[in-house]
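Worksheet: one structure, shown below.
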Amino acid sequence: MRYVTQKGTKDILPSEIHNWQIAEQTFADVCHSFGYEEIRIPTFEQTDLFQRGVGDTTDVVTKEMYTFEDKGGRSITLRPEGTAGVVRSYIEKGMSSLPVPVRMFYNITAFRYEKMAKGRFREFHQFGLEAFGAKGPDIDAEIISVVDVFFRKMGLQNIALHINSIGCPNCRGEYTKLLKDYFRPHVASMCEDCQARFEKNPLRMIDCKVDGGKDIVKNAPRLIDYLCDDCKEHFEGLKARLEAIGISYTIDPNIVRGLDYYTRTVFEFVSENVGTQGTICGGGRYDGLVGTMEGPETPGIGFAMGVERLLLEAEAQGVLKEKPSYVKIYIASMSEAAKIEALKICYALRNAGIGCETDMAGRSFKAQMKYAGKQGIPYLAVIGDDELNSGEVKVKNMADGSETPVKLSGIGEFLAGN
RNA sequence: GUGGGAUUAGUUCAGUUGGUUAGAGCGCUAGUUUGUGGCACUAGAUAUCAUGGGUUCGAAUCCCAUAUCCCACCCCA
């Protein structure tokens, strides 16, 4: 039996981990600069949390969750996203008593049982953040600018920001009636999904990819034109703030988003390089969520970014970084006694925080040289009888071939100065 | 869930109309006279040809099933 990675899972290999680490560190740095602090939540929660939080009519909940019964008979689900868990923690740990806004970011794996496609996995990674307690558009503009700054720091360009407002329960209720009246005469001619949507969630009909090209859908009334005064003012406020900061956007009335908890502001950052899975980052406001989870009524907003898609985009834009050499020096040895000395030197260097390697494979002297060269280790020192006697070694710069005599005990000091 | 393409060494790929011991590049190991690498040259190791059936004197090659991967749709990050 040859064991292989399971469908939808991936090994992240040493050869590619470097860019993951850069992205993780950059995201954390940017979040910190906005006052967000990291939260780590469990990988699984009780199933009900997601049914309630994400919405039990959504695709994510109805057909994509990894749900199982544990040995204690509890229904457990591997998190399909991060918001529900963070909201649970916010309520459970009494964070509503903290000064607002309560800002948190996270870096998680998430799990969805889906058919594979480019940029889509069953176990995948998300960077995300949530902010609780701020109801005005300032915070909407803030989290969007977190993404904008993050992309800049990553060297990414031309990732389009699409924004929309899907209103609040008030204006959405009115609009849904309007939409049903509009679609009623046409339902029969539309796709099966839309016929189902007509009854359950007519809002989704305007997002339909099958019927989306038809005039019926194109000319449908748009929610954004029927917002209540408060929602309209909120959206206008967001637009004004984005313009003031200098973040360009396009209004995309078709963004509906598939998670039930969204209200008012929704947004996506979209690229053309990630296949049809062009959404690198998606998020929005969820003013009702904390309340429906039986916490104190608290406005909230957040986003999640697909890390695999982010790195796909980084690759397409050619901004991935070369793997650095963590090992600064290779100590080659010519004899058993020299090898022992090399081990001692390496131990001292590592205690001084300097990466080094010496032969572990029983290689010949020549083969040790080749190994050091192939690994791209920038410095080399050879220990043989001469060095053991003199207590001095020539440290060679592999890039230019220059050699510098250094005391055996002074290698660390020499490297620290270069 | 629907449609299309693919699966041969660690990896990327050749492999003729079915015909002897299945090849190459990269990578790996060693050597090119034993105190200086990258390049070059030489040699070497590594393949249940995805899995299970079938057709045939004979299958990597043809047929069926299954699995996995890729692309598109759907949905999302």
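Throughout, protein chains are lettered first and strands after them, A, B, ... in sequence-line order, and every chain is numbered starting at 1. Owing to the predicted nature of the structure, the values given are computational and were not obtained by experimental measurement.
Per the geometry, CD1 belonging to A/Ile383 stands 16 Å off P belonging to B/U36, to the nearest Å. Look at CG on A/Asn397: it is 13 Å from C1' on B/G38, rounded to the nearest Å.
No engagement by A/Phe303 is indicated, since no non-hydrogen atom pair under 4.0 Å with the nucleic acid exists. A/Gln368 comes within contact range of no nucleotide atom at all, as no heavy-atom separation falls under 4.0 Å. At a threshold of 4.0 angstrom between heavy atoms, the contacts of A/Ala372 with the nucleic acid are absent. Counting any heavy atom pair closer than 4.0 Å across all strands shown, A/Ile377 reaches no nucleic acid atom. Among the atoms of the strands shown, only primed sugar atoms or phosphate atoms (P, OP1, OP2) are found under 4.0 Å from some heavy atom of A/Gly8.
Among B/C69, B/G35, B/G37, the nucleotide with an atom closest to any side-chain atom of A/Met334 is B/G35. Ranking B/U36, B/C75, B/C70 by closeness to the A/Lys10 side chain, first place goes to B/C70. Here the side chain of A/Lys118 is nearest to one of B/A30, B/C69, B/A72, namely B/A72. Nearest to the side-chain atoms of A/Glu403 among the listed nucleotides B/C70, B/U2, B/U36 stands B/U36. In the set B/C70, B/U36, B/G1, the nucleotide with an atom closest to the side chain of A/Lys115 is B/G1. Closest to the A/Lys370 side chain, of the nucleotides B/A30, B/U32, B/G1, is B/U32. Comparing B/C75, B/G35, B/A40 against the side chain of A/Arg120 picks out B/C75 as the nearest.
The shortest distance between side-chain heavy atoms of A/Leu242 and A/Ile163 falls below 4.5 Å.
Between A/Lys374 and B/G37, a side-chain N or O to OP1/OP2 separation shorter than 4.0 Å is absent. Distances shorter than 4.0 Å separate none of the side-chain N or O atoms of A/Lys394 from OP1 or OP2 on B/U36. Listed pair A/Ser364 / B/U34 fails the phosphate criterion, with no side-chain N or O lying under 4.0 Å from OP1 or OP2.
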Could you summarise the pairing of RNA chain B as dot-bracket text, marking Watson-Crick and G-U pairs under 3.5 Å with ( ) or [ ] inside the strand and | across strands? (((((((..((((.....[...)))).(((((.......))))).....(((((..]....))))))))))))....
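With respect to A/Lys339 and A/Glu336, no salt bridge is recorded, no charged nitrogen being found less than 4.0 Å from a carboxylate O.
For the C1' atoms, the distance linking B/C62 with B/U68 amounts to 23 Å, nearest Å. Taking atom P in both B/U36 and B/A43, the straight-line distance is 26 Å, to the nearest Å.
Two residues, A/Met116 and A/His125, neighbour RNA chain B, and the one matched to the more 5' nucleotide by heavy-atom proximity is A/Met116. Comparing A/Lys63 and A/Gly384 against RNA chain B, the residue whose closest nucleotide sits nearer the 5' end is A/Gly384.
At a cut-off of 3.5 angstrom, counting only N and O atoms as typed in the model, there is a donor on one side and an acceptor on the other between the side-chain of A/Lys396 and the base of B/G37. You won't find any donor-acceptor pair under 3.5 Å spanning the side chain of A/Lys366 and the base of B/U36, going by distance alone. On a pure distance criterion of 3.5 Å, a polar donor-acceptor pair joins the side chain of A/Glu387 and the base of B/G35.
Tested against A/Asp140, the residues A/Arg241, A/Arg264, A/His234, A/Lys239 include a single side chain to side chain donor-acceptor pair (under 3.5 Å) partner, A/His234.
The aromatic rings of A/His125 and A/Trp20 stand perpendicular to each other, their planes meeting at an angle above 60°, with 30° marking the opposite boundary.
Less than 6.0 angstrom separates the ring centroid of A/Phe151 from the ring centroid of A/Phe269.
Among residue pairs with one or both ends in residues 154-171 of chain A, those qualifying as side chain to side chain donor-acceptor pair (under 3.5 Å) are A/His162-A/Asp252; sequence neighbours excluded.
Residues meeting the salt bridge (Lys or Arg N to Asp or Glu O under 4.0 Å) test with A/Asp225, sequence neighbours left out: A/Arg222.
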Run A/Tyr106 and A/Gln126 through side-chain hydrogen bond (donor to acceptor under 3.5 Å, both in side chains) and show every step you take. CA-CA 8 Å; A/Tyr106 54 81; A/Gln126 289 188 330; 4.8 Å; no
